[in-house]
Amino acid sequence: MRKTIKKWIKAIFRKWPKLKKPVTKLYRLTREDNSSNSGKSNKAMQGTDSPANLHAKEALQEKVQDDIYSGKAAYTGYGMDYISSLFFPKEERAIELKKVFYRHCNYYLDLDHPKTFNQKIQWLKLNYYDPRMGRCVDKCEFKRYITEQLGEGYTVPLYGEWESENQIDFDLLPDQFVLKSNVQSDGRHIIVVKNKAELDIDRLKTVMSSWLLKRNNLCSSYCIAYRHVRPKILAEEYINDLDNDALIDYKIMCFNGKAELLFTVLDRDSNMSVNFYDLDWNLLPFTRKYPNSNYPVKPPKNLDKMIEIANQLAEPFPFVRVDFYETADGSKLYVGELTFYPGGGYESFEPMEWDYKLGEMLKLPEANV
C-alpha cells in the first residue's frame, strides 16, 4: 500500500511539479509540530510517577529511539554475490556481474570492449586496483589520506574508530556526534546523535554490530577497492551546517586525473534531484537515475577551490568522484569522500548517448588484477 501511495504522489509531482515545494514544506511543518508536541508531553509528564504516566514516558522514549534507528541496517544471511565475490575465479565473477548489470541497466555488459561509462566502471571493478584506493574507501583511513594530501581541516574531525561496538566508551564522547560505518555510504549506516542522554545503548550496539560483518563492505558488489578493508565503527564531530535540509552535495567527476564535470545532489531526504554541470556551471542536458531539480541552483562559493582540489586528488586514478560540502557562508570546505564506483556503475542515463559520452572520457588503464 505504501509503495502504491508513493508512486501516486510521484506521478502527481511529475505532472504538476510546482506542487512539490509547498507539499514538502507542509510535511516538514507537520513533523516539527509533532516533535514540538512530543516535547510538551514529555515535560508535562515530568515529576509524576503514576503507572499511566510511566507507561506514556516509556512509549515516548520508544518513539524517540525509533526515530533514531528507523531504517538502520542490520543484516543476516549470506548472498550469492558475496560468496562469488570472494571465492569464484574472475571469469565466473564476470558472468555473475553481467547478470546484475543487465538487471539494472537493461543492456549487455561487454567487458571485452567496454564503451559506456557504466560498462567501464564494471571493468575497473574486476581488473584494476591501486592500494591507495583501499585507503580512500575506508572512511577512517580516508581522513588521514586527505590530511596527507591537502593538510589539516579538510575532513570532519574524527573522535574515534573501533573494531567492536564494546570498545566504545560513550562517556568520552560529547553530547552530540555522528556514528558511521567506515565502509558504507548510505544513510542506513549513519546514526546522528543530537542528545547522548536519549540513547538506548543496548539497542545502538545491536544495530552497529551488524555494520562490522565482513560481507557489508561492498565486496558483494564486486568493488575490488573494498576487498581488504576491515569494517569498523567511527564517531565524528556533529556539524550543524552539514545536517540541514538545504545542504547541497557537490560531486566532481574526474577522468584520468582531470576534473571534467560535476553534479549536485539536492533534497536528499525528501524527493532527491540531481543536476549535471560542466565546469563553467552550465546545466548539461541529461539525467542519471534521478530527475533534475525544479529550480535553478547557484554555484558553490568555493567552486574554483573544489576543482583545484579535485584535480590534485584525482591525479593517480583512472576515474574518481570527489565529493564536497561547504558551510552556508562558504567559510569552510570539506571533502566528503572519494568514490571509484559511483552508483555501482548501475545508474541509467537519459538520454543514453551520455553513457557513451562519459565512457569516451574514461581511458582504461592496463589490467593489473
> Is the NZ or CZ atom of Lys357 positioned over Trp354's six-membered ring, under 6.0 angstrom from the centre and within 45° of the axis?
Replying inline: yes
> Is it true that a side-chain atom of Trp211 and a backbone atom of Val183 form a donor plus acceptor pair closer than 3.5 Å?
Replying inline: no
>> Tell me the closest heavy-atom pair linking Leu262 and Trp281, and the distance in Å.
In response: CD1-CZ3, 3.3 Å
> Any side-chain heavy atom of Phe142 within less than 4.5 Å of one from Val335?
Replying inline: yes
>> Taking side-chain contact (heavy atoms from CB on, under 4.5 Å) as the criterion, tell me which of Arg288, Glu347, Met361 meets it with Phe117.
In response: Arg288
>> Whether the side chain of Gln312 engages the backbone of Gln149 through a donor-acceptor N/O pair (distance < 3.5 Å, no angle test) should be reported.
In response: yes
> Hey, does Lys98 have a side-chain heavy atom less than 4.5 Å from the side chain of Leu111?
Replying inline: yes
> Between Val137 and Ala225, which heavy-atom pair has the shortest distance, and what is it?
Replying inline: CG2-O, 3.6 Å
> Rounded to the nearest 0.5 Å, what separation is found between the CG atom of Leu247 and the CD1 atom of Ile239?
Replying inline: 10.5 Å
>> Using salt bridge (charged side-chain N to carboxylate O under 4.0 Å, His left out), reason through Arg93 and Glu96 one step at a time and then give a plain yes or no.
In response: CA-CA 5 Å; Arg93 281 185 279 129; Glu96 292 295 328; over 6 Å; no
> How are the rings of Phe177 and Phe170 set to each other: parallel, tilted or perpendicular (split at 30° and 60°)?
Replying inline: tilted
> Using the ring of each side chain (for Trp, its six-membered ring), is Phe276 parallel, tilted or perpendicular to Phe263, with breaks at 30° and 60°?
Replying inline: tilted
> Out of curiosity, Ile190 CD1 to Glu236 CD, how far, rounded to the nearest 0.5 Å?
Replying inline: 8.0 Å
>> Let me confirm one number: the CG-CD1 distance from Leu199 to Ile191, rounded to the nearest 0.5 Å.
In response: 8.5 Å
> Are Tyr238 and Val192 close enough that some pair of their side-chain heavy atoms sits under 4.5 Å apart?
Replying inline: yes
>> Could you check whether any side-chain heavy atom of Phe324 comes within less than 4.5 Å of a side-chain heavy atom of Lys305, counting everything from C-beta outward?
In response: no
>> Is the shortest side-chain heavy-atom distance between Asp323 and Asp249 below 4.5 Å?
In response: no
> Mind checking whether Tyr325 and Leu150 sit in one hydrophobic cluster, side chains of I, L, V, M, F, W, Y counted as touching below 4.5 Å?
Replying inline: no
>> One pair to check against side-chain contact (heavy atoms from CB on, under 4.5 Å): Leu124 and Leu362. What are the steps and the verdict?
In response: CA-CA 11 Å; Leu124 288 169; Leu362 176 50; 4.1 Å; yes
>> Side-chain heavy atoms nearer than 4.5 Å, only ILVMFWY residues, links allowed to pass through others: does that put Val156 and Ile309 together?
In response: no
> Pick one: which of Val100, Ile121, Asn118 meets side-chain contact (heavy atoms from CB on, under 4.5 Å) with Tyr346?
Replying inline: Val100
> If every non-hydrogen atom of Glu260 is compared with every non-hydrogen atom of Leu279, which pair is closest and at what distance?
Replying inline: O-CG, 3.7 Å
> Is there a side-chain contact between Trp123 and Pro365, using heavy atoms and a 4.5 Å cut-off?
Replying inline: yes
> Do Leu242 and Leu338 belong to the same hydrophobic cluster, where Ile, Leu, Val, Met, Phe, Trp and Tyr are linked whenever their side-chain heavy atoms lie under 4.5 Å apart, directly or via other members?
Replying inline: no
> Between Ile224 and Tyr128, is any pair of side-chain heavy atoms under 4.5 Å apart?
Replying inline: no
>> Has Lys332 got a side-chain atom pairing as donor or acceptor with Gly153's backbone, closer than 3.5 angstrom?
In response: yes
>> Ignoring hydrogens and geometry beyond distance, is a side-chain donor-acceptor pair present between Asn282 and Asp278 at under 3.5 Å?
In response: yes
> Leu212 and Ser164: which non-hydrogen atoms are nearest, and at how many Å?
Replying inline: CD1-CA, 3.8 Å
>> So does Glu360 get a backbone contact from the side chain of Lys363, meaning a donor-acceptor N/O pair under 3.5 Å?
In response: yes
>> For a side-chain contact (heavy atoms from CB on, under 4.5 Å) check, start with the C-alpha distance between Val322 and Cys254, then their side-chain angles and the critical distance, and finish with the verdict.
In response: CA-CA 8 Å; Val322 186; Cys254 304; 4.2 Å; yes
>> On a heavy-atom basis, which atom in Glu237 and which in Val178 lie closest, and how many Å separate them?
In response: O-CG2, 4.2 Å
> OG/Ser293 to CD1/Ile248 distance, rounded to the nearest 0.5 angstrom?
Replying inline: 8.5 Å
>> Does Asn182 form a side-chain contact (heavy atoms from CB on, under 4.5 Å) with Val229? I'd like the steps, not just the answer.
In response: CA-CA 9 Å; Asn182 71 318; Val229 179; 3.9 Å; yes
>> Check whether Thr116 reaches the backbone of Gln119 with its side chain - one donor and one acceptor, N or O, closer than 3.5 Å.
In response: yes
>> Among Gln122, Glu366, Lys90, which residue satisfies the side chain to side chain donor-acceptor pair (under 3.5 Å) criterion with Asn127?
In response: Lys90
>> Looking at Glu148, I want to see if its CD is surrounded by more than 12 non-hydrogen atoms of other residues, nucleotides or ligands under 6.0 Å.
In response: yes
> So among Tyr277, Phe349, Tyr356, which one has a ring pair (Phe, Tyr, Trp, His ring centres under 6.0 Å) with Phe286?
Replying inline: Phe349
> Do Lys205 side-chain atoms and Glu165 backbone N/O form a donor-acceptor pair below 3.5 Å?
Replying inline: no
> Can a donor-acceptor pair be found between the side chains of Tyr250 and Asn302 at a distance below 3.5 Å?
Replying inline: no
> Do Phe101 and Tyr108 make the cut of ring centroids closer than 6.0 angstrom?
Replying inline: no
>> Under a 3.5 Å distance rule, please check whether Asn292 uses its side chain to pair with a backbone N or O of Val274 as donor and acceptor.
In response: yes
> Which is it for Val265 and Tyr290 under the side-chain contact (heavy atoms from CB on, under 4.5 Å) test, yes or no, and what are the steps along the way?
Replying inline: CA-CA 9 Å; Val265 178; Tyr290 299 99; over 6 Å; no
>> Name the residue from Tyr129, Phe319, Phe317 that meets the ring pair (Phe, Tyr, Trp, His ring centres under 6.0 Å) definition with Phe340.
In response: Phe317
>> Can you tell me how far apart CD1 (Ile307) and NZ (Lys258) are? Round to the nearest 0.5 Å.
In response: 11.0 Å
> Under the criterion salt bridge (charged side-chain N to carboxylate O under 4.0 Å, His left out), which of Arg230, Lys180, Arg144, Lys143 is the partner of Glu161?
Replying inline: Arg144
> Rounded to the nearest 0.5 Å, how far does OG of Ser181 lie from NZ of Lys139?
Replying inline: 7.0 Å
>> Using every non-hydrogen atom in the two residues, find where Gln176 and Tyr159 come nearest and quote the distance to one decimal.
In response: O-CE1, 4.4 Å
> Are Leu173 and Ile201 linked, directly or through other ILVMFWY residues, by side chains that come within less than 4.5 angstrom of each other?
Replying inline: yes
> Do Leu284 and Ile252 share a hydrophobic cluster (ILVMFWY, side-chain heavy atoms under 4.5 Å, transitive)?
Replying inline: yes
